[in-house]
Amino acid sequence: MHTQDNQAGTPQGVAAQIVTMPMSHRQGFTAASFADRTPTNQGFTTEDIIWALGIWSAIICLSPVIVFYMLMVA
């Protein structure tokens, strides 16, 4: 049997290895990772905290610029 005929993509007689990653090791802030939380797995993850710190740091850094612009325009 040729590899092209095999749906798994491995030669016949060779065990196919499937690499899966647990849900807790997915990276990125996605709706799926937010929806996968169970009642026993509530709380903020490290990704949530880093994301919130990034948003707040951008807001705090840009607030003087916005205030200065508003004073100059008004």
Side-chain angles (χ1 to χ4, degrees):
M1 177 194 245
H2 297 292
T3 305
Q4 291 85 2
D5 299 332
N6 191 352
Q7 294 295 326
T10 57
Q12 186 176 10
V14 176
Q17 295 180 350
I18 299 173
V19 178
T20 58
M21 195 179 315
M23 297 295 281
S24 61
H25 292 286
R26 285 194 297 174
Q27 295 184 1
F29 187 78
T30 60
S33 66
F34 196 75
D36 288 336
R37 294 187 182 163
T38 60
T40 59
N41 189 16
Q42 290 180 345
F44 295 111
T45 63
T46 305
E47 295 169 352
D48 295 333
I49 295 169
I50 291 172
W51 182 81
L53 286 174
I55 294 297
W56 277 108
S57 64
I59 291 171
I60 290 171
C61 289
L62 291 176
S63 60
V65 175
I66 295 169
V67 169
F68 180 73
Y69 177 77
M70 294 300 289
L71 288 173
M72 294 301 290
V73 171

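Here the structure is a predicted model, which means the values were calculated and not measured. Values below: all heavy atoms of this structure, side chains included; hydrogens, waters and symmetry mates excluded. Positions are given from 1, in the same order as the sequence printed here.
From Ile66, atom CD1 reaches atom SG of Cys61 across 11.0 Å, with rounding to the nearest 0.5 Å.
Legend: residues meeting side chain to side chain contact (heavy atoms under 4.5 Å, CB included) with Ile59, ordered by chain and number and at least two apart, are Ile55, Trp56. Shown here are the side chain to side chain contact (heavy atoms under 4.5 Å, CB included) partners of Leu53, two or more places apart in sequence or in another chain: Ile49.
Residues Phe68 and Val73 fall into different hydrophobic clusters, defined by Ile, Leu, Val, Met, Phe, Trp and Tyr side chains chained together at heavy-atom separations under 4.5 Å.
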